[in-house]
Amino acid sequence: MEQSYVFFNGEIVEEEKVSISIRSKVVNYGLGVFEGIRAYWNEEEGQLYGFKLVEHYKRFLQSAKVVNLKIPYTAEELSDITIELLRKNGYKQTTYIRPLAFKNEKNVGVSIDDNNEHDAVAIYLQPMGKYIDKEAFRVKVSSWVRIADNMLPPRTKATAGYLNSALASYEATRNGYDEAVLLNRNGFVCEGPGENIFIYKKGKLMTPPASDDILEGITRDLVFEIAKDELGIECIEKSLARTELYNADEVFFSGTAMEVAPVVEVDDIKVGDGKPGEVCTRLKDIFYDITHGKNEKYKDALRPVY
Ligand SMILES: Cc1ncc(COP(=O)(O)O)c(C=O)c1O
């Protein structure tokens, strides 16, 4: 493996120089928060573009605030560090960026202390093409219920919360599906383990509101924007019942890792004609152009690395 550089507590260092103790609170109790960001490679331009870096780092800082993690940088400074790290690693391919902030104290107390002395901030990179290598997704509504804001807030992208996501994904894949869809505690459609969900029906796009225990996705915001501005399709936030997935004309996921991805079957029931729908396909194509620097109008979302 080529030398990988990571950011850890104020410095860019070789990855193997970083280690954390088995006594660390993040290892024991998942006391940490994270982000998932992408930088997209444009082959013709020989350019790598960091996508919506500041938006992701603003969410990172908000997550950290909830668990009293001190991140001594602004969203803009974290974006600068990320660009420097991407340059240092020299990647010439689409790359996933993983910022992490965590409690690195070494004691068995479950509590979150006021003392921020041991709080750690790290960023590592992972070349990543498709997150799941599929063109269309067969999903299963999970028997696991999505965590709620007054349990383990999904809005806070907390390390611990992803046990709920992992259990749902594991159940789905073990049973032959590509991905899970979680319902919230009130029985409404919430989201996938790492992605938001949309339906298209009677000319309208619909997605669950923030109050239905979703993570307010940055890709979700962009889907709203491009649906309205590029396709002239209204997108509304509304609680969705499970059977609305079955009866939708189209269903699709949105997320940094998953990007825009069609769902063609829910609980073994075909969505529409069981093929990727036209609206999703058009959104996916526009999303591709925006993220790869091929759409001038959305160039502000991108930050060139080289
Ligand atoms: C649970 C969950 N929902 C939705 C999303 C999509 O959010 P975004 O579009 O900001 O990546 C993610 C990914 O971060 C996620 O983990």
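Both ligands and their constituent atoms are indexed starting at 1 by order of listing.
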Find all protein N or O atoms under 3.5 angstrom from an N or O atom of ligand 1 and list the pairs with distances, or write 'none'.
residue, atom, partner, partner atom, Å
ligand 1, 3 (N), E191, OE1, 2.7
ligand 1, 9 (O), I218, N, 3.3
ligand 1, 9 (O), T219, N, 2.9
ligand 1, 9 (O), T219, OG1, 2.6
ligand 1, 10 (O), R59, NH1, 2.8
ligand 1, 10 (O), R59, NH2, 3.0
ligand 1, 10 (O), I218, N, 2.8
ligand 1, 11 (O), T256, N, 2.9
ligand 1, 11 (O), T256, OG1, 2.5
ligand 1, 14 (O), K157, NZ, 2.9
ligand 1, 16 (O), K157, NZ, 3.1
ligand 1, 16 (O), Y162, OH, 2.5

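For E44 and K294, the salt-bridge test passes: some basic side-chain N is under 4.0 Å from an acidic carboxylate O. Ion pairing between a basic and an acidic side chain is recognised when a charged N comes within 4.0 Å of a carboxylate O; K299 and E296 show such pairing. Salt bridge D267/K140: present, at least one basic N to carboxylate O contact under 4.0 Å.
Both the sub-6.0 Å distance and the 45° axial angle are not jointly satisfied by K65 relative to the ring of F60.
To the nearest 0.5 angstrom, W144 atom CH2 is 7.5 Å from E171 atom CD.
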Could you pull out every donor-acceptor pair under 3.5 Å between side chains of residues 252-266 and any protein atom, sequence neighbours left out?
residue, atom, partner, partner atom, Å
E259, OE2, Y40, OH, 2.8
E265, OE1, R138, NE, 3.2

